[in-house]
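Report on the following structure.
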Amino acid sequence: MATPALRNAWRIRSILSTRCARPITTKAISQKFQIYTSSSANPYLNLSIEHHLLEKSDPDSTILFLYTNDPCVVIGRNQNPWTEVNLPQLAQTRIKFGQLKHHLVRRRSGGGTVVHDHGNANWSVICPKDVFDRDKHALMVVEALKNMGIKGVKVNERHDIVQEAQDAEGPEPAPSTYKISGSAYKLTGKRALHHGTLLLNSDLSDISGLLRSPAAPYIAAQGVESVRSPVCNVGVEDNADFYKAVIDQFMTMYPDSQSAEVKGVEQQEALNHDNIWKGVQELLSPKWLWESTPKFRLASHPTPEDPRPRPHPPSNFFLTLTARHSEILDLQTDSPLFRSEDHTASLNFLLKQKIHEVPKYCDLREWKHYINFRIENGKSLTLRNESVGSICKWLLGDDMLATGPIRGINKSLKTKLKELKHCRDGGKPLVLDHAAFVFGKPEYGWYVVDKQ
């Protein structure tokens, strides 16, 4: 039994696109106007197809690419996952074979963090850089929505697509507009990419929790911070209807594109493309996900550089940590536990370590084993269980830098890479039944898709 998302992908493929054995050929991407839809819902693959089109297409061409992703949280190129995402919640809902309900993805474009699922459609336009305009293609999507009968949609001053609030009753004042689409950009030497989301019939219940990090009040980060906005769905039930409306409006905006063939990109064909596969491997690497993080500083208490009030930390001692590209550059604390020379070594050994590679220190046995292994002088340290457990869990545990959840996320990346490699090598793809996303459910709905 296929999932609703899979059935929707099949319908999009059959209604809108011509199934080509190799739609992304050198000849195809040299055409003046190109239109593609993806039959895959894998976010790592779809973003890599998009990146390939940006890199390899003719500099004078204009391309429309439409796709829907499996549930995922997508952060911008220059964002900090520890401040943008509730990593413990993300890693909480685990399903069979190490997979998570929501993938964590760092895209190659800028902008803020968004949540995708099967009720969200993604649109992407690639064009020559010298004709790029931040509002042009957002307005194209707005016109497409209006043609579908959606009222009150417009592009705001932040270049986001919003919908004016309908008449609402209740004691609380309602926002005047709701965000229905966020977008981001990537500019290269001759090309411009503008891509965005569109909340059609998305599950909005997950968004608020996933985008509220428990570590954010303690961290001062460089890079781009997301701007929070109230969101809503436009109420379109079928992604294929949105695809068709956007394609029609694209052809209206570019009359010469009316002769362009709408091509469906099959997952197998895309995975077999070496440049796209290289992009998938990059996006699925922990190095890309964590080590692209700009410099940040975590402080347990207000400091002159960061005087913001903090929630009450788990311990009374003062602690600061500075990291860049996930590497710990500086670590200091005034805890009495670490005042002696030997005990200071237990902090020093963390310097130059990568946060996403550090073991889970909440377990005292792991902590002691790792210290004894790392300290060069071989001295044995006697540490009180309660104090060590407190500082370790606070410093590098699930409540703050989420090293426990990070291990689960990294395992999910590794599993997804193996799954895609299996498909690339000719194996049948594994698909998750919707019931597998229910936390704590003993049965898991994996089955093999038969393409015949």
*Report the distance from atom CG of Asn275 to atom CD of Glu55, rounding to the nearest 0.5 Å.*
5.5 Å
_Smallest separation among heavy atoms of Arg191 and Ser57, with atom names_ = NH2-OG, 2.7 Å
*Checking Ser202 side chain against Leu204 main chain: does a donor-acceptor pair fall under 3.5 Å?*
no
*Nearest 0.5 Å please: distance from the OG atom of Ser39 over to the CG atom of Asn46.*
8.5 Å
_Working note: Thr177 + Glu164, criterion side-chain hydrogen bond (donor to acceptor under 3.5 Å, both in side chains); need CA distance, chi angles, decisive distance, verdict._
CA-CA 4 Å; Thr177 60; Glu164 295 176 348; over 6 Å; no
*Are Asp206 and Lys101 ion-paired here, with the side-chain N under 4.0 Å from a carboxylate O?*
yes
*Between His103 and Tyr44, what is the ring plane arrangement, given parallel below 30°, perpendicular above 60°, and tilted in between?*
perpendicular
*Between Gln31 and Asp58, is any side-chain donor less than 3.5 angstrom from a side-chain acceptor?*
no
*Given side chain to side chain contact (heavy atoms under 4.5 Å, CB included), test Glu84 with Glu225 step by step and report yes or no.*
CA-CA 8 Å; Glu84 295 294 333; Glu225 292 187 10; 4.2 Å; yes
*For the residue pair Val73 and Thr113, establish whether any side-chain heavy-atom pair is separated by less than 4.5 Å.*
yes
*Would you find a donor on one side and an acceptor on the other, under 3.5 Å apart, between the side chain of Trp290 and the backbone of Ile355?*
no
*Parallel, tilted or perpendicular: which fits the ring planes of His194 and Phe132, with parallel below 30° and perpendicular above 60°?*
perpendicular
_side chain to side chain contact (heavy atoms under 4.5 Å, CB included) evaluation trace for Val262 with Ile247_ = CA-CA 9 Å; Val262 181; Ile247 291 172; 4.0 Å; yes
_Check whether Thr25 reaches the backbone of Ala28 with its side chain - one donor and one acceptor, N or O, closer than 3.5 Å._
yes
*Asp160 side chain to Asn156 main-chain N or O, any donor-acceptor pair under 3.5 Å?*
no
*Does atom NZ of Lys278 have more than 12 heavy-atom neighbours, drawn from other residues, nucleotides or ligands, at distances under 6.0 Å?*
no
_Side chains of His422 and Leu417, heavy atoms from C-beta outward: is any pair under 4.5 Å?_
no
*Does CZ in Arg158 sit with more than 12 non-hydrogen atoms of other residues, nucleotides or ligands closer than 6.0 Å?*
no
_Using every non-hydrogen atom in the two residues, find where Pro43 and Cys72 come nearest and quote the distance to one decimal._
CB-SG, 3.9 Å
*Do side-chain atoms of Asn42 reach the backbone of Asn69 as a donor and acceptor pair under 3.5 angstrom?*
no
*asked:* Any heavy-atom pair between the side chains of Tyr243 and Thr37 that's under 4.5 Å?
replied: yes
*For Thr303 and Ala299, indicate whether the former's side chain and the latter's backbone hold a donor-acceptor pair under 3.5 Å.*
no
*Would you say Tyr36 and Leu64 make side-chain contact, with heavy atoms under 4.5 Å?*
no
*Are side-chain heavy atoms of Ile24 and Ile276 found at a separation under 4.5 Å?*
yes
_Audit row: Cys127, His137, side chain to side chain contact (heavy atoms under 4.5 Å, CB included) steps and yes/no_ = CA-CA 10 Å; Cys127 66; His137 295 110; 4.2 Å; yes
*Would you call Asp274 and Arg424 a salt bridge, using N to O less than 4.0 angstrom?*
yes
*Taking C-beta and beyond as the side chain, do Val85 and Leu104 meet within less than 4.5 Å on heavy atoms?*
yes
*Short question: side chain of Asp117, backbone of Asp203 - any donor-acceptor pair under 3.5 Å?*
yes
*Salt-bridged, Arg108 to Glu282, with N to O below 4.0 Å?*
yes
*Answer yes or no for Arg134 and Tyr185: cation-pi contact, defined as NZ/CZ to six-membered ring centre under 6.0 Å and angle to ring axis within 45°.*
yes
_Inter-residue atom distance Tyr218.OH - Asp306.CG, 0.5 Å rounding_ = 12.0 Å
_In the structure I gave you, are the side-chain heavy atoms of Ile35 and Glu261 within less than 4.5 Å of one another anywhere?_
no
*Ignoring hydrogens and angles, state whether a donor on the side chain of Asp70 or His118 is under 3.5 Å from an acceptor on the partner side chain.*
yes
*Do you know the tightest heavy-atom contact between Pro217 and Pro311?*
CB-CD, 3.6 Å
*asked:* What's the separation between atom NE2 in His116 and atom OH in Tyr67, rounded to the nearest 0.5 Å?
replied: 6.5 Å
_Passing option when Ser109 is tested against His51, His195, Arg77 for side chain to side chain contact (heavy atoms under 4.5 Å, CB included)_ = His195
*asked:* If you compare all heavy atoms of Met140 against all heavy atoms of Val246, which two are closest, and at what distance to 0.1 Å?
replied: CE-CG1, 4.1 Å
*asked:* Quick test of your reading of the model: are Arg324 and Glu327 salt-bridged, counting only N-O distances below 4.0 Å?
replied: no
*List the atom of Ile161, the atom of Trp123, and the distance in Å for their closest heavy-atom pair.*
CD1-CZ2, 4.4 Å
*For the side chain of Ser48 and the backbone of Val280, is there at least one donor-acceptor N/O pair under 3.5 Å apart?*
yes
*Tell me, do Val125 and Ile63 make a side-chain contact under 4.5 Å, heavy atoms counted?*
no
_Pair Ser226, Gln79 - check side chain to side chain contact (heavy atoms under 4.5 Å, CB included), show working._
CA-CA 8 Å; Ser226 297; Gln79 289 199 293; 2.9 Å; yes
*Donor-acceptor under 3.5 Å (Asn233 side chain, Gly235 main chain)*: no
_Show the nearest heavy-atom pair for residues Asn120 and Asn122, with the distance to one decimal._
ND2-OD1, 3.4 Å
*CG-NE2 distance between Leu45 and His52, expressed to the nearest 0.5 angstrom*: 11.5 Å
*Stepwise, does the side-chain hydrogen bond (donor to acceptor under 3.5 Å, both in side chains) test hold for Asn80 with Thr293?*
CA-CA 5 Å; Asn80 186 319; Thr293 304; 5.1 Å; no
*When rounded to the nearest 0.5 angstrom, what is the spacing between CD1 in Ile219 and CZ in Arg308?*
8.5 Å
_I'd like to know if the side chain of Gln34 and the backbone of Thr62 have a donor-acceptor N/O pair within less than 3.5 Å._
no
